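Here the structure comes first, spelled out in structure tokens, and everything after it is commentary.
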Number of protein chains: 2
Amino acid sequence: MPVTIRDVAKVSGVHVSTVSRAFSAAHLVNPDTRARVLAAAEELGYRPNRAARALSTSRTGNLGLIVADIANPFFPPLLKAAQAQARARDYHVFIADTDEQARVEEELIRSMAKQVDGAVLVAPRLTNRVIAELAQEIPLVVINRRLRGVSGVLMDVGAGTRRAMEHLIGLGHREIVVLGGPARAWTSGEIERATEHRAEDHGVRIHRVGPNPPTEEGGRAVVEQVVATGATAVLAHNDLVAFGLVRRAAELGLGVPGDLSVIGVDNSHVARYSSPALTTVDMPVAEAGRGAVDLLLRSVDAAGSTGTVTLETSLVVRDSTAPPRITGA
Amino acid sequence: MPVTIRDVAKVSGVHVSTVSRAFSAAHLVNPDTRARVLAAAEELGYRPNRAARALSTSRTGNLGLIVADIANPFFPPLLKAAQAQARARDYHVFIADTDEQARVEEELIRSMAKQVDGAVLVAPRLTNRVIAELAQEIPLVVINRRLRGVSGVLMDVGAGTRRAMEHLIGLGHREIVVLGGPARAWTSGEIERATEHRAEDHGVRIHRVGPNPPTEEGGRAVVEQVVATGATAVLAHNDLVAFGLVRRAAELGLGVPGDLSVIGVDNSHVARYSSPALTTVDMPVAEAGRGAVDLLLRSVDAAGSTGTVTLETSLVVRDSTAPPRITGA
DNA sequence: GACCTTCATGCAAACGTTTGTATACGGGTT
DNA sequence: AACCCGTATACAAACGTTTGCATGAAGGTC
């Protein structure tokens, strides 16, 4: 029923190999013949079968996009940009949601491996060892994870975090909670490192809370702990957590930024829509999505080539930060 | 380099066809042989090549998910649910973003057709004719579109809209703006129809504004028009539009719900995060995503079978609606 | 005019599966 | 002892492409 290269060959009176070349190696076929073939193909509505092509070229024209949680507002703009970039390069995109589970992540990559030319891992939860292992079998680009021998796109959350701390310190805060994310996340480490440096310089005390799930619920759950430290400001692991924190604080009668300043990370939808609008570290997610696809396609073409791209972040000051309330110190 | 069925056959000392059957037709092979084969496969790390399988079975084990705008907060929970359901059925998912363009949508479906067993169109922008045409070539399920001969999942936005109108009328509003969405969207029609009925019953006047893009910008752009009607309440096309409206109104010195009541549609993230939290018509998107995949797989198995599922919606009352300000009437 | 190139095309094998058909074996009838 | 049957396996063709090699024609060089 479906029209194949053979039908086109018959109609245009040439051999199938000529049809094939008319599509994928134009310079090898006489322009007139090619025109005839293309006309026949058009007439019949012929579309090359990518699976068959994959079988003989071992190039699928597909990419995998593996992500911890599609519904987390951090990801959709990244997915959108990555998908658009892939399409511009005539690649199709598989998407997979791991539900934040490392096991699922690995299995997904493995089951996808034969069907894609490479995969982008967005904020993977796997151990470095496993990722490195997988990278042997299939071209991989990781977003927000630094890994020897594996291509990566990094958003410099460390720099953003430092700016966030300066902002808080500038406002007069001296007791600041830094809220950890998932233990395995690269960003968690970056934020921790970035906040270490600053602590020494000024008379600032850092209280660390976490690790903690990167969700609204995760934010709600730690409010009491945060308050117990006596801190006047919190740097949350991401916007969702920040939002959970703000909401729960309000329920407990604490105002933001009046009683507590809160900074998020991501500059997602949430930060703009929430009230008060969140001060947050902007992550260039669309750019990261595009960059990851470019990097991936490059290492698909030139097997073994890897690279790392680092993207700038910046602090977006909105309404969730203010000077601390003066208390009798 | 990659390990194939042939390698497994060699190691386990049987013919490739036996290996194949050991995987896909267990009852046709002796349990002991099968155990041997499976052991060999495990040892070699064999994974069946889905593309090759597709070639001989003409079943790909893939699904397409085609969506107008991944970054629109309405979609991600739907995508997530659909993807999870597909995975549970051992299907992989292609995702494609059409950027709200009908042309792109059609091309995307066509280029995907050979690689998937079927596709889910989420809120398609195509004409009925084209969709029906495509449905001849490949199993299709449309979400939020009613179409003879094509499976669909409908969220009963009409019922939700009626409840929204009752809510506004109950609060005392008598001049209400109904804001249209994209001309082609099924939901636009449903909302229009649902609001017609109500208008006659009570002494209520409906002002129609639109069609209008379903984005925040779309909301911002129409505030002046809305105000000009003298209405005290607006039913927006979706939460994003409602949010844009609220923000822009604030910039013009109009308070919500004080000066204007606003109702959204979708019950997306946005509605919860925004301030004031939006009263909105809840759409059961996760359920729709799951339902669409189930429906699709059913019509993949039983070619030609179609069905329609209608899901309930409900009104979620939050803080963006209140009685109208008393004016000297 | 014999020879070498270059260009265009045909031929056939290969990619990794599945599956209809054939074969071999052992056990049960009669 | 001849037969049939069921079970387990092997064989080979087919799915729709691509691609190295062979073939042939046309044109250029000496």
Side-chain angles (χ1 to χ4, degrees), chain A residues 1-38 40-41 44-62 90 92 110-117 137-138, chain B residues 1-38 40-41 44-62 90 92 111-117 137:
Chain A
M1 203 76 219
V3 26
T4 79
I5 208 174
R6 226 168 291 273
D7 302 315
V8 178
K10 201 161 297 171
V11 169
S12 48
V14 300
H15 195 260
V16 294
S17 56
T18 303
V19 177
S20 171
R21 283 189 265 257
F23 282 98
S24 45
H27 62 284
L28 289 180
V29 22
N30 182 303
D32 294 356
T33 322
R34 185 169 130 89
R36 220 154 22 99
V37 168
L38 261 32
L44 297 175
Y46 167 74
R47 293 272 180 161
N49 181 323
R50 286 183 158 219
R53 179 178 289 180
L55 203 52
S56 78
T57 60
S58 55
R59 282 296 210 83
T60 63
N62 297 147
D90 200 30
H92 286 169
R110 287 231 146 84
S111 80
M112 216 169 246
K114 288 270 181 29
Q115 283 198 104
V116 300
D117 296 334
E137 306 173 21
I138 167 186
Chain B
M1 204 76 214
V3 27
T4 80
I5 208 175
R6 226 169 292 274
D7 302 314
V8 178
K10 201 161 297 172
V11 170
S12 49
V14 299
H15 194 262
V16 294
S17 57
T18 303
V19 176
S20 172
R21 283 189 261 261
F23 281 99
S24 46
H27 62 283
L28 289 180
V29 20
N30 181 302
D32 294 355
T33 320
R34 185 168 130 89
R36 217 151 25 98
V37 169
L38 263 32
L44 297 176
Y46 167 73
R47 293 271 180 161
N49 181 324
R50 285 183 158 217
R53 179 178 290 180
L55 203 52
S56 78
T57 60
S58 56
R59 282 297 210 80
T60 63
N62 297 147
D90 200 28
H92 286 171
S111 79
M112 216 170 247
K114 289 268 181 32
Q115 276 189 294
V116 300
D117 296 334
E137 306 173 21

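Below, chain A is the first sequence line, B the second, and so on; all start at residue 1. All values derive from a computational prediction rather than experimental measurement.
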Under 3.5 Å, which donor-acceptor pairs do the side chains of residues 22-35 of chain B form with other protein atoms, sequence neighbours left out?
unit_1, atom_1, unit_2, atom_2, d
B:Ser24, OG, B:Ser20, O, 2.9
B:Asn30, OD1, B:Asp32, N, 2.7
B:Arg34, NH1, B:Ala22, O, 2.4

Partners meeting side-chain contact (heavy atoms from CB on, under 4.5 Å) with A:Ala40 (sequence neighbours left out): A:Val8, A:Val11, A:Ser12
By side-chain contact (heavy atoms from CB on, under 4.5 Å) - contacts of B:Ala113 (at least two apart): B:Ile138
Residue pair A:Gly61 / A:Asp117: nearest heavy atoms and the distance that separates them: N-OD2, 2.9 Å
Heavy-atom pair with the smallest gap, counting every atom of A:Lys114 and B:Pro48: CG-O, 4.5 Å
Overall bend - the helix from C:dG1-D:dC30 to C:dT30-D:dA1, comparing terminal axes fitted on five pairs, nearest 10 degrees: 50°
Letter per nucleotide, 5' to 3', of nucleotides 8-18 of chain D [B base touched, S only sugar-phosphate touched, - untouched; heavy atoms, 4.0 Å]: SBBBB--BBBB
Sequence-distant partners of B:Arg6, salt bridge (Lys or Arg N to Asp or Glu O under 4.0 Å), two or more places apart: none
Side-chain heavy atoms of A:Met112 within contact of A:Asn62, under 4.5 Å: no
